[in-house]
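These notes are about the structure you will find just below.
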Amino acid sequence: MSQNHTDPIPATDHAPVESLMHEHRLFAPSAEFVAQANVSDPAIYDEADADPEAWWASWAEKLSWVEPWTTVCEFNAPDAKWFVGGKLNVCYNCVDRHAEADPNRRAIVWEGEPGDDRTITFGELKDEISQLANALKAMGVGKGDRVSIYMPMVPELAMAMLACARIGAAHSVVFGGFTAESLQERTNDAQCKAIITADGGWRRGSAVPLLKITRAALELGCPTVEKVLVLRRTGMDEIDRHDERFVSWHHVVPEQSTDCPCEPMDSEDMLFILYTSGSTGKPKGVVHTTGGYLTGVSATAKLVFDLKPDDLHFCTADCGWITGHSYIVYGPLANGATVLMYEGAPDTPDKDRFWQIIEKHRATILYTAPTAIRTFMKWGDEYPNRCDLSSLRLLGSVGEPINPEAWIWYHETIGKGNCPLVDTWWQTETGAIMVTPLPGITVAKPGSATHPFPGISIRVLTEEGHGPDIRGPKAEPASSGFLVIDRPWPSMTRGIFGDHDRFIKTYWSRFDGKYFAGDGISLDEDGYLWLLGRVDDIMLVAGHNISTMEVESALVSHPAVAEAAVIGKTHDVKGQAISAFVTLRAGIHGDEALEKTLKKHVGEKIGPIARPDDIFFSAELPKTRSGKIMRRLLRDVAEGRALGDTTTLADPSVVNALKNVYEDKEG
Ligand code: WT7
């Protein structure tokens with residue numbers, strides 16, 4: 001397996017950015033939009049910058065606290081505490097206070113893949129969460145415990161997250177597309193006391209056997225798990241009646257009392273752990289806490305999406321990712337808005353499914369990913385054009401840079417030219433949106449995420465730590481640099497669960513005392529920010545964060561493989577596709593059958609999203625004299641480009657041999 005390494009600023013990988021930055025098409029919000037916007041005065045940026053703590057405190061004050069805080073922020077890099085001494089409960093803020101104000105308002109509108117649907121009011125949500133929370137307590141789960149949630153996109157998933165928050169247990173949601181091994185690894189790392197799952201979930205017309213996979217995870221060994229709560233969704237499986245660990249949701253939850261007090265939590269108590277790929281094989285358990293996280297997501301939801309209580313907010317992410325945590329569950333519900341949740345795939349039963357859902361439920365906001373947008377473009381305009389999308393008033397994009405063509409298509413074909421489009425940059429670790437337009441203020445440039453959210457301080461730094469003042473009266477354009485955040489913010493991660501050294505090493509060491517995000521970034525002459533993609537070993541495949549090391553580890557765990565190097569190659573729909581270069585053990589011949597086997601093997605180890613698109617067999621991998629695999633060259637080979645500088649290679653002939661392999665394969 002290759003050494004962990006960090007590439008220099010990826011200027012050559014992202015050559016188009018130079019031309020992108022000369023983008024002259026500008027999109028200002030309409031006068032009608034500005035007139036009704038939650039914020040339309042640009043003075044908000046200066047106000048927030050003048051006193052960031054006061055700015056964030058003004059947002060925290062909009063939440064309901066059991067006890068007020070004494071200090072807004074204590075920061076001793078990398079350790080931050082926000083709203084120190086304050087106590088509150090996230091479930092109370094997202095559910096109870098809205099139920100008290102108006103129990104009949106809609107909280108969740110849910111659409112199942114087979115076409116079943118369900119609307120849940122804030123009053124009903126409060127009762128069901130309370131029953132579920134009481135059931136968790138009866139299973140022995142309490143304040144300070146951790147719970148894995150491995151569920152399909154059904155309302156009960158959001159309820160499970162909120163029920164944990166209600167009783168002070170931290171959740172760790174594991175995406176339903178992950179394998180038994182991934183579930184086991186995450187469950188054990190977080191030392192979860194219980195798992196909440198379902199018999200299955202619908203995906204493209206067939207059922208994903210979640211309970212079966214959970215059973216397999218337990219068989220691999222989850223020593224801390226005492227109970228498994230199982231929801232019936234598909235009817236495909238039954239709980240194991242002879243195994244006392246398994247509890248049927250339908251037996252225990254409905255019989256519980258609807259009365260369950262919200263546990264007053266310290267502002268810095270852990271709300272959840274969410275695993276994300278790291279540069280080494282082992283996923284990182286990103287920790288988020290209570291008061292700061294809720295402040296960050298509620299403020300950004302309200303200003304970035306211009307969220308109003310009568311909005312129907314459709315975020316197409318899965319709750320297994322941070323986008324689902326922050327902008328399906330916590331951010332919109334903290335604002336008392338209604339969220340639309342969809343269980344299935346965008347092409348089931350047909351390629352117009354999202355547009356049918358928007359028409360049927362009259363969604364007002366759509367938040368999705370560039371990879372989805374490029375897919376919709378490829379499918380053709382006939383699908384959106386046959387649906388009524390007139391309810392939409394704002395569009396959002398997240399997950400990777402959005403290319404201007406996709407931006408324009410989204411704006412014109414989906415937004416009919418009159419919905420502001422917000423391209424939002426952030427990360428699992430940042431908890432909330434960090435770089436984004438404000439829809440009632442910003443004149444958008446297609447492809448640019450524009451400006452830091454008020455109160456956020458972003459820097460564009462060179463290797464040596466130099467960079468322009470990006471908010472100055474006249475920004476000096478920087479060619480490109482590293483995205484660094486040099487001021488604490490409330491929703492910042494408090495660490496990697498159980499591994500503080502790795503936290504410091506990954507994010508806080510490159511630029512002393514400042515947060516290193518791992519992305520390249522540029523500032524143009526108008527002061528707009530352009531995201532350039534990752535500068536480390538993380539690939540962004542269809543908006544999902546996958547580490548090259550993780551895929552390499554999976555490949556070398558196969559007995560036929562001696563060594564593997566994995567890169568993300570540019571792909572016009574997925575953003576990046578996974579290419580693997582593999583050397584085989586002596587005597588083994590690489591053929592199509594083995595390629596299939598290895599792809600399947602990686603899919604089984606990590607999950608279908610990590611399955612390589614191409615596997616190239618090669619006798620050698622290109623290495624520097626110090627033994628580092630030169631990924632840049634592999635990228636050149638995989639993308640069919642002229643080779644860059646090969647002088648540092650130990651054996652330059654290796655690359656030409658590889659090129660021949662590639663050409664043979666691609667014809
Ligand atoms: C990485 C974080 C945050 C939700 C989804 C992904 C990339 C995210 C953008 C954007 C350019 C983006 C970055 C970042 N990214 N949004 N609007 N423009 N790049 O969360 O899995 O933690 O991945 O996604 O490279 O570092 P994540």
Side-chain angles (χ1 to χ4, degrees), residues 6-7 10 13-14 16-17 20 173 175 178 273-279 283-288 296-297 300-301 304 315-328 330-331 367-374 395-404 406-407 410 421-437 444-453 458 480 482-485 491-493 496 506-507 515-522 528-547 550 568 574-576 609-610:
T6 304
D7 272 349
D13 296 355
H14 296 270
V17 80
L20 288 183
V173 182
F175 172 56
F178 279 135
I273 303 172
L274 183 60
Y275 286 85
T276 184
S277 293
S279 292
K284 296 177 286 201
V286 173
V287 171
H288 282 288
V297 297
T300 48
V304 175
C315 166
T316 68
D318 190 284
C319 285
W321 313 113
I322 191 68
T323 309
H325 282 61
S326 299
Y327 300 109
I328 294 179
Y330 295 117
Y367 191 35
T368 193
T371 183
I373 296 162
R374 291 190 295 262
L395 304 175
S397 171
V398 61
E400 58 183 308
I402 176 167
N403 40 310
W407 197 105
Y410 192 24
L421 200 171
V422 291
D423 172 9
T424 60
W425 178 90
W426 56 298
Q427 307 178 296
T428 305
E429 296 86 342
T430 69
I433 292 167
M434 304 294 281
V435 181
T436 178
K445 277 191 192 187
S448 163
T450 73
H451 307 299
F453 186 79
I458 301 281
S480 54
F482 296 107
L483 195 170
V484 170
I485 309 171
S491 64
M492 64 198 278
T493 175
I496 296 174
T506 311
Y507 306 102
Y515 177 85
F516 169 65
D519 279 58
I521 188 168
S522 274
Y528 282 64
L529 293 169
W530 296 80
L531 275 309
L532 308 180
R534 302 288 312 182
V535 294
D536 56 13
D537 295 341
I538 312 276
M539 299 174 286
L540 286 167
V541 181
H544 299 310
N545 204 317
I546 301 167
S547 118
E550 206 174 354
K574 294 196 276 193
Q576 284 188 310
I609 52 171

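Counting starts at 1 for both ligands and their atoms, following the listed order.
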Partners passing side chain to side chain donor-acceptor pair (under 3.5 Å) against Q576 (at least two apart in sequence or in another chain): none
For this output row, return yes or no: ring centroids of Y327 and W321 closer than 6.0 angstrom. no
Heavy-atom cut-off of under 4.0 Å around ligand 1: list whichever protein residues fall inside it, by chain and number. I322, T323, V398, G399, E400, P401, D423, T424, W425, W426, Q427, T428, D519, L531, R534, L540, N545
P452 meets the side chain to side chain contact (heavy atoms under 4.5 Å, CB included) criterion, sequence neighbours left out, with I456, I458, I470, R471, L529
Test: E400 and R534 ion pair at under 4.0 Å: no
Aromatic ring proximity, centroids under 6.0 angstrom, Y515 and Y507: yes
For A369, check side chain to side chain contact (heavy atoms under 4.5 Å, CB included) against everything at least two apart and list the hits. T371
